[in-house]
Student: 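There's a structure below that I have some questions on.
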Amino acid sequence: MSTLLYSVIGFLMLLVIGIAAYFLTARKYQSSSTVANSYDQWTLDGILEFYWGEHIHLGHYGSPPRSKDFLAAKSDFVHEMVKWGGLEKLPPGTTVLDVGCGIGGSSRILARDYGFAVTGITISPQQVNRAQELTPDGLNVQFAVDDAMALSFPDASFDVVWSIEAGPHMPDKTVFARELMRVLKPGGVLVVADWNQRDDRQKPLNFWEKPVMRQLLGQWSHPAFSSIEGFSELLVGTELVEGEVITADWTEQTLPSWFDSIWQGIARPEGLVRFGLSGFVKSVREVPTLLLMRLAFGLGLCRFGMFRAVRANSRTELMDRNFANQNPSSLVR
């Protein structure tokens with residue numbers, strides 16, 4: 001029997017095991033505790049960090065995409081996001097809130113390479129512990145457990161609010177948008193990167209897209225995805241945005257991440273030895289979701305959205321201007 005045939009049989013066996021585990025151990029969103037518990041477990045067992053490194057988000061492969069090391073692409077994503085948001089022009093000491101910081105990969109780059117003073121928050125206590133362990137002394141970064149739906153910081157606390165792939169875990173996107181803008185200082189910059197659903201107000205989900213979306217939501221503790229258009233409208237609706245919300249679609253740039261993340265399990269078989277049989281099953285159970293994600297993003301059901309907004313000088317000033325625009329006859333001439 002040829003090596004190729006053995007490989008095919010092995011892959012099919014892995015797929016069967018993964019599908020069985022996939023349906024038997026779903027992680028549907030129930031509350032913020034569901035999200036926290038999921039990330040606590042992923043952090044404690046170390047499997048996600050082993051395969052995905054310190055950045056628990058997709059990578060940036062350029063446009064058009066080119067072949068790139070999986071972990072390098074993740075670091076590159078942070079730098080590309082900084083550049084896209086115009087943050088590289090900000091001075092050292094700029095205060096940054098990293099919402100949904102994971103184990104601190106982005107926070108450390110922002111502090112080390114750009115000189116920013118970074119506060120990373122996550123709902124997972126275990127992620128905070130691991131982020132602190134990975135952060136060298138002298139780096140201007142601190143981490144804390146906090147809930148993005150009710151941030152503990154006062155209004156106008158930060159020069160920059162930064163968030164990568166946290167939005168799908170938020171049960172109320174209106175509240176999430178308001179909290180992100182609330183803690184920005186006047187003139188501060190919000191830069192967000194998120195998984196998004198196609199805007200179903202323009203094109204409703206069809207017969208196969210609905211069950212796919214249910215699986216994507218149910219497997220990784222996601223209550224709902226926003227659309228790029230919908231979340232932009234929510235940011236504007238806070239009445240705290242100066243001018244327009246700038247958006248971009250980075251689906252093409254990030255798409256190779258899904259297959260690359262699966263390939264990590266094949267290219268690094270030492271993970272099987274390190275994490276044993278239970279770790280092997282945990283890893284394989286994610287394969288169907290990763291394949292569905294690749295399908296959804298590849299066919300346009302999902303999109304990778306980028307958002308940039310600037311905080312208005314003051315709520316009162318902005319509301320007065322809106323009132324004047326809507327009631328021109330009230331102006332004194």
Side-chain angles (χ1 to χ4, degrees), residues 52-53 55-87 99-100 102 105-106 162-170 173 176-177 190-206 208-217 219-220 222-235 244-264 286-309:
W52 280 50
H55 300 280
I56 307 173
H57 57 73
L58 302 189
H60 192 286
Y61 293 78
S63 181
R66 61 188 183 277
S67 179
K68 187 182 291 189
D69 176 77
F70 182 55
L71 300 184
K74 290 164 167 288
S75 295
D76 289 349
F77 183 98
V78 178
H79 294 292
E80 292 292 337
M81 185 168 167
V82 167
K83 186 190 306 181
W84 182 82
L87 305 184
V99 178
S106 298
W162 165 288
S163 182
I164 302 179
E165 298 174 14
H169 292 301
M170 306 302 162
K173 312 303 184 190
F176 182 50
L190 170 72
V191 186
V192 173
D194 253 336
W195 301 345
N196 294 270
Q197 179 183 309
R198 184 185 73 233
D199 190 350
D200 57 11
R201 298 170 301 180
Q202 300 177 15
K203 184 180 178 183
L205 304 189
N206 62 31
W208 70 266
E209 291 174 331
K210 291 179 180 178
V212 167
M213 187 55 65
R214 281 197 297 270
Q215 287 300 317
L216 296 184
L217 294 175
Q219 288 298 323
W220 286 346
H222 297 143
F225 289 168
S226 292
S227 65
I228 294 176
E229 298 83 358
F231 192 65
S232 298
E233 292 167 8
L234 293 179
L235 289 171
E244 298 180 354
V245 175
I246 307 301
T247 65
D249 187 335
W250 278 14
T251 303
E252 179 187 36
Q253 293 91 322
T254 56
L255 195 59
S257 298
W258 300 111
F259 283 157
D260 269 3
S261 62
I262 297 173
W263 178 249
Q264 292 300 301
E286 306 300 343
V287 172
T289 305
L290 293 169
L291 290 174
L292 278 181
M293 282 290 193
R294 175 59 178 80
L295 174 72
F297 279 89
L299 295 180
L301 171 58
C302 289
R303 303 163 67 198
F304 197 100
M306 302 294 296
F307 306 84
R308 184 184 190 276

Student: Side-chain contact, heavy-atom cut-off 4.5 Å: P223 with M170?
Tutor: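 Counting from C-beta outward, P223 and M170 never come under 4.5 Å.
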
Student: Closest approach of G298 and L255, non-hydrogen atoms and distance?
Tutor: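 It is N-CD1, 3.9 Å.
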
Student: Using the side chain to side chain contact (heavy atoms under 4.5 Å, CB included) rule, pick out the option among K74, M81, H79 that qualifies with F77.
Tutor: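 Only match with F77 under side chain to side chain contact (heavy atoms under 4.5 Å, CB included): M81.
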
Student: Look up atom NE2 in H169 and atom CG in D194, then write down how far apart they are to the nearest 0.5 Å.
Tutor: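 Answer rounded to 0.5 Å: 9.5 Å.
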
Student: Please report the C-alpha distance between W162 and V82 in whole Å, then the side-chain angles of each, then the deciding distance to 0.1 Å, and finally whether the side-chain contact (heavy atoms from CB on, under 4.5 Å) criterion is met.
Tutor: CA-CA 9 Å; W162 165 288; V82 167; 3.7 Å; yes

Student: One pair to check against side-chain contact (heavy atoms from CB on, under 4.5 Å): L58 and F297. What are the steps and the verdict?
Tutor: CA-CA 12 Å; L58 302 189; F297 279 89; 5.5 Å; no

Student: Atom CG in L205, atom CD in Q197: separation rounded to 0.5 Å?
Tutor: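 The CD atom of Q197 is 5.0 Å from CG of L205, to the nearest 0.5 Å.
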
Student: Could you state the interatomic distance from CG (L71) to CD (Q264), rounded to the nearest 0.5 Å?
Tutor: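 Those atoms lie 6.0 Å apart.
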
Student: Given side chains that start at C-beta, do those of W258 and L295 come closer than 4.5 Å, heavy atoms only?
Tutor: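 Side chain of W258 against side chain of L295, heavy atoms only: no contact under 4.5 Å found.
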
Student: Got a sec, which pairs hit salt bridge (Lys or Arg N to Asp or Glu O under 4.0 Å) with one end in residues 294-306, sequence neighbours left out?
Tutor: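 Pairs touching residues 294-306 that pass the test: E229-R303, D249-R303.
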
Student: Taking all non-hydrogen atoms of both residues, which atom of G100 and which atom of A166 are closest, and how far apart?
Tutor: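 Heavy atoms only, the tightest pair is CA-CB, 4.3 Å.
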
Student: Donor-acceptor pair, S226 side chain versus N196 backbone, under 3.5 Å?
Tutor: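 No; judged by distance alone, with no hydrogens or angles, the pair does not exist.
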
Student: Could you pull out the closest heavy-atom pair between K203 and R198, with the gap in Å?
Tutor: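 What the structure gives for the nearest pair is O-NH2, 3.0 Å.
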
Student: Considering residues, nucleotides and ligands other than R201, do more than 12 of their heavy atoms fall under 6.0 Å from its CZ?
Tutor: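 Enclosed.
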
Student: Under 4.5 Å between any side-chain heavy atoms of S227 and D200, yes or no?
Tutor: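 A side-chain contact under 4.5 Å is absent here.
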
Student: Less than 4.5 Å apart, any side-chain heavy atom of E233 and any of V245?
Tutor: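 A side-chain contact is absent here, since even the closest heavy-atom pair is not under 4.5 Å.
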
Student: Can you name the closest pair of heavy atoms from E286 and W220 and give their distance?
Tutor: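 So the minimum-distance heavy-atom pair works out to OE1-NE1, 2.8 Å.
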
Student: Is there side-chain contact between V78 and H57, with at least one heavy-atom pair below 4.5 Å?
Tutor: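 Yes, close enough: below the 4.5 Å cut-off.
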
Student: Do M293 and L216 touch side chain to side chain, with heavy atoms closer than 4.5 Å?
Tutor: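 Side-chain contact under 4.5 Å: yes.
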
Student: Between atom CZ of R66 and atom CD of Q253, what is the distance when rounded to the nearest 0.5 Å?
Tutor: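 The CZ atom of R66 sits 10.5 Å away from the CD atom of Q253.
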
Student: Do I228 and F307 have side-chain heavy atoms sitting under 4.5 Å apart?
Tutor: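 Yes, their side chains come closer than 4.5 Å.
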
Student: May I ask you to decide if the ring planes of F70 and W52 are parallel, tilted or perpendicular, using 30° and 60° as cut-offs?
Tutor: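 Ring orientation of F70 relative to W52: perpendicular.
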
Student: Is a side-chain N or O of K68 found less than 3.5 angstrom from the main chain of P256, in a donor-acceptor match?
Tutor: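 Not at all, since once roles are kept as given, no pair shorter than 3.5 Å links the two residues.
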
Student: Dump the intermediate steps for side-chain contact (heavy atoms from CB on, under 4.5 Å) on L301 and F225, then the final yes or no.
Tutor: CA-CA 11 Å; L301 171 58; F225 289 168; over 6 Å; no

Student: Let me confirm one number: the CG-CG distance from D69 to D76, rounded to the nearest 0.5 Å.
Tutor: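 That separation rounds to 9.5 Å.
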
Student: What closest approach, in Å, do S75 and H55 show between heavy atoms, and which atom pair accounts for it?
Tutor: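 The pair with the smallest heavy-atom distance is OG-NE2, 3.6 Å.
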
Student: Yes or no on side-chain contact (heavy atoms from CB on, under 4.5 Å) for S163 and F176, after CA distance, side-chain angles and deciding distance?
Tutor: CA-CA 11 Å; S163 182; F176 182 50; 4.2 Å; yes

Student: Do S232 and E244 have side chains that approach each other closer than 4.5 Å (heavy atoms only, starting at C-beta)?
Tutor: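 Not touching, per the 4.5 Å side-chain cut-off.
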
Student: Using atom types as modelled and distance alone, determine if a side-chain donor or acceptor of H60 lies under 3.5 Å from a backbone N or O of G62.
Tutor: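 Yes, the answer is positive, given that a donor and an acceptor are paired below the 3.5 Å cut-off.
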
Student: Looking only at heavy atoms, what is the nearest atom pair of P65 and E252, with distance?
Tutor: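 Here P65 and E252 meet closest at CG-O, 3.2 Å.
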
